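Shown next, in structure tokens, is the structure this report addresses.
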Amino acid sequence: MAWKNWTSWRCAILRRPLIKFGKWLCLLALAGWQGMACAVDVYTIDMNSSKSQYSDSHIVHLLQTALEASRPRYGPYELKIAQLRMERDRLLQEMLKGELVNLSGQVTSLEWEQKLTPIRIPLDKGISCYRISLIDSRNQDMFSAVRNVDQLKALSLGAGRQWSLTTTYRQAGFHVVEGNTSAGLHSMLAAGRFQHFPRAIDEAVYEQAAYQAGFPTLALERSFALYVPSPRYFFLGGAEQRRLAQRLEYGLQLLIADGRFDQLFHEFYDGLIDKVSLRKRRIFRLDNPLLSPQTPLSNKAYWFDPLDQQR
């Protein structure tokens, strides 16, 4: 009996460190799980100087709404706005690093789709595919006489050296005069270096007001719009880009399903669409041979159609 008691006592003594060690492991595992559960997804979006106040506002509201929608599944997030003012090539390099900025809403290109992670949902329903030209108002009659794309190609247009559509314009046979910045291109238009400056409708409205003081005859061309399939996507860069893209796409799909995606689009863009009378314009359509075959052109829920009168 004494031997049994000694043995039981000895086993109990030996078990205590094992029990404590097991508890320690459980605490470590619990702490690790809690750390993972509390991890915050950090999005840092640029505010590119080529965007207008309209598109910036829409992008930020859409982004915040999509991330909030994703919260029940993915947990907390942090959204930062990096006040970076840089041209597209340098922005791409910073996006690849993912340190100063890891998110941008940009007109797509094969290079951006190959080097970064795109979310192939046109974040503005493709409204940026419709280009309204800024012109010298004294030339309006010349543009009103244009009835087809071939006639339009005879008129010189301005475009940025690093912009996605510049190569598309050239390949389509347009006479393109290049500039380094949108501000520089406005100066070139005022000096008569080219005859029109195609811009997304929000950019055209914003820039006409912004630059008219120095160029009093600067005007929105009134008769046509140029349509080039060139969607603006969210792009993600940096080490966590795939998870961040997966989460954001999930949130956007929730908004599409419950109607908030369309609601936000109409809230921000209906006034502009009416202001430029997009539905009454002649629309000249161009092919875009540089467009990725993965572009979701067949998904009608993603795209705005000016001939569709429903809102």
Side-chain angles (χ1 to χ4, degrees), residues 46-57 59 83-94 104-107 109 124 127-146 149 151-228 230 232 272 275-278 281 284 286:
D46 78 297
M47 284 292 98
N48 192 291
S49 59
S50 69
K51 295 174 186 172
S52 75
Q53 61 186 9
Y54 303 103
S55 60
D56 282 352
S57 298
I59 286 172
Q83 298 298 323
L84 298 176
R85 301 293 178 182
M86 61 183 69
E87 294 305 313
R88 187 177 169 99
D89 285 354
R90 188 186 162 200
L91 177 59
L92 174 60
Q93 297 309 311
E94 294 298 336
S104 187
Q106 293 285 326
V107 174
S109 72
D124 58 6
I127 191 65
S128 55
C129 301
Y130 295 89
R131 318 298 285 189
I132 302 297
S133 286
L134 289 160
I135 64 168
D136 186 324
S137 61
R138 293 169 292 188
N139 293 330
Q140 180 59 58
D141 289 345
M142 177 175 66
F143 285 97
S144 296
V146 172
V149 173
Q151 291 175 345
L152 187 60
K153 289 177 184 178
L155 303 175
S156 58
L157 65 83
R161 285 192 175 89
Q162 299 177 12
W163 296 354
S164 303
L165 288 182
T166 303
T167 301
T168 302
Y169 290 142
R170 285 196 182 281
Q171 291 190 355
F174 283 86
H175 176 201
V176 180
V177 178
E178 294 183 0
N180 290 321
T181 65
S182 57
L185 285 159
H186 275 281
S187 297
M188 294 166 70
L189 176 63
R193 295 276 302 279
F194 50 80
Q195 293 163 300
H196 67 119
F197 185 18
R199 303 294 278 152
I201 66 169
D202 56 318
E203 294 169 334
V205 170
Y206 176 71
E207 291 175 12
Q208 192 269 339
Y211 289 96
Q212 193 173 36
F215 182 13
T217 57
L218 180 66
L220 300 175
E221 199 286 326
R222 298 194 301 265
S223 65
F224 75 90
L226 191 60
Y227 177 81
V228 189
S230 49
R232 182 179 290 169
L272 285 169
K275 185 178 181 69
V276 301
S277 301
L278 183 60
R281 290 172 177 262
F284 301 136
L286 296 181

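Quick caveat: nothing in here was measured; it's all calculated off a predicted structure.
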Q | Value rounded to 0.5 Å, distance of CG in Leu220 from CD in Gln140 | A | 9.5 Å

Q | Gln106 side chain reached by Leu91 side chain, heavy atoms, under 4.5 Å | A | yes

Q.
I'd like to know whether the aromatic ring centres of His186 and Phe215 sit less than 6.0 Å apart in this structure.
A. no

(Q) Would you say that Val149 contacts Phe174 through its side chain, given a criterion of any heavy-atom pair below 4.5 Å between the two side chains? (A) yes

Q) Got a second to check how far Cys129's SG is from Ile201's CD1, nearest 0.5 Å? A) 11.0 Å

Q. Near Arg170 CZ, under 6.0 Å, is it more than 12 heavy atoms from other residues, nucleotides or ligands?
A. yes

(Q) Are the side chains of Thr168 and Ser230 in contact, using a 4.5 Å heavy-atom criterion? (A) no

Q. Does atom CZ of Arg281 have more than 12 heavy-atom neighbours from other groups under 6.0 Å away?
A. yes

Q: Not counting sequence neighbours, which residues clear ring pair (Phe, Tyr, Trp, His ring centres under 6.0 Å) with Tyr130? List them please.
A: Tyr227

(Q) Could you check whether any side-chain N or O of Lys153 sits under 3.5 Å from a backbone N or O of Ala172, counting only pairs where one atom can act as donor and the other as acceptor? (A) yes

Q. What distance separates Ile132 CD1 from Lys275 NZ, expressed to the nearest 0.5 Å?
A. 12.5 Å

Q: Keeping the roles fixed (side chain from Thr166, backbone from Arg161), state whether a donor-acceptor pair exists under 3.5 Å.
A: no

**Q.** Distance-only side-chain donor-acceptor flag, Gln171 / Thr167, under 3.5 Å
**A.** no

Q | Donor-acceptor pair, side chain of Thr217 and main chain of Asp136, under 3.5 angstrom | A | no

Q.
For Phe224, give me all partners under ring pair (Phe, Tyr, Trp, His ring centres under 6.0 Å), at least two apart in sequence or on another chain.
A. Phe284

Q | Nearest-0.5 Å distance, CG of residue Asp202 to CG of residue Asp124 | A | 7.5 Å

Q. Of the non-hydrogen atoms in Arg131 and Pro198, which two are nearest, and what is the gap between them?
A. CB-CB, 4.0 Å

Distance-only check: which donor-acceptor pairs under 3.5 Å involve side-chain atoms of residues 187-195, not counting sequence neighbours?
unit_1	atom_1	unit_2	atom_2	d
Ser187	OG	Ala183	O	3.4
Gln195	OE1	Ser156	N	2.9
Gln195	OE1	Ser156	OG	3.4

Q | Under 3.5 Å donor-acceptor, Gln208 side chain and Leu218 backbone | A | yes

Q: Using a 4.5 Å cut-off on heavy atoms from C-beta on, say whether the side chain of Leu152 contacts that of His196.
A: yes

Q) Do Glu221 side-chain atoms and Ile135 backbone N/O form a donor-acceptor pair below 3.5 Å? A) no

Q: Drop me the distance from Leu272's CG to Tyr206's OH, to the nearest 0.5 angstrom.
A: 13.0 Å

Q. Does the pair Val228 and Tyr169 meet the rule for a side-chain contact (heavy atoms from CB on, under 4.5 Å), with working shown?
A. CA-CA 9 Å; Val228 189; Tyr169 290 142; 4.2 Å; yes

Q | 4.5 Å side-chain heavy-atom contact, Leu155 and Phe143 | A | yes

**Q.** Minimum heavy-atom distance between Val176 and Ala159, given as atom pair plus value
**A.** CG1-CB, 4.1 Å

(Q) Can you confirm whether Ser109 sits close enough to Arg88 that some side-chain heavy atom of one is under 4.5 Å from a side-chain heavy atom of the other? (A) yes

Q. If you measure from OG on Ser104 to CD on Glu94, what distance do you get to the nearest 0.5 Å?
A. 12.0 Å

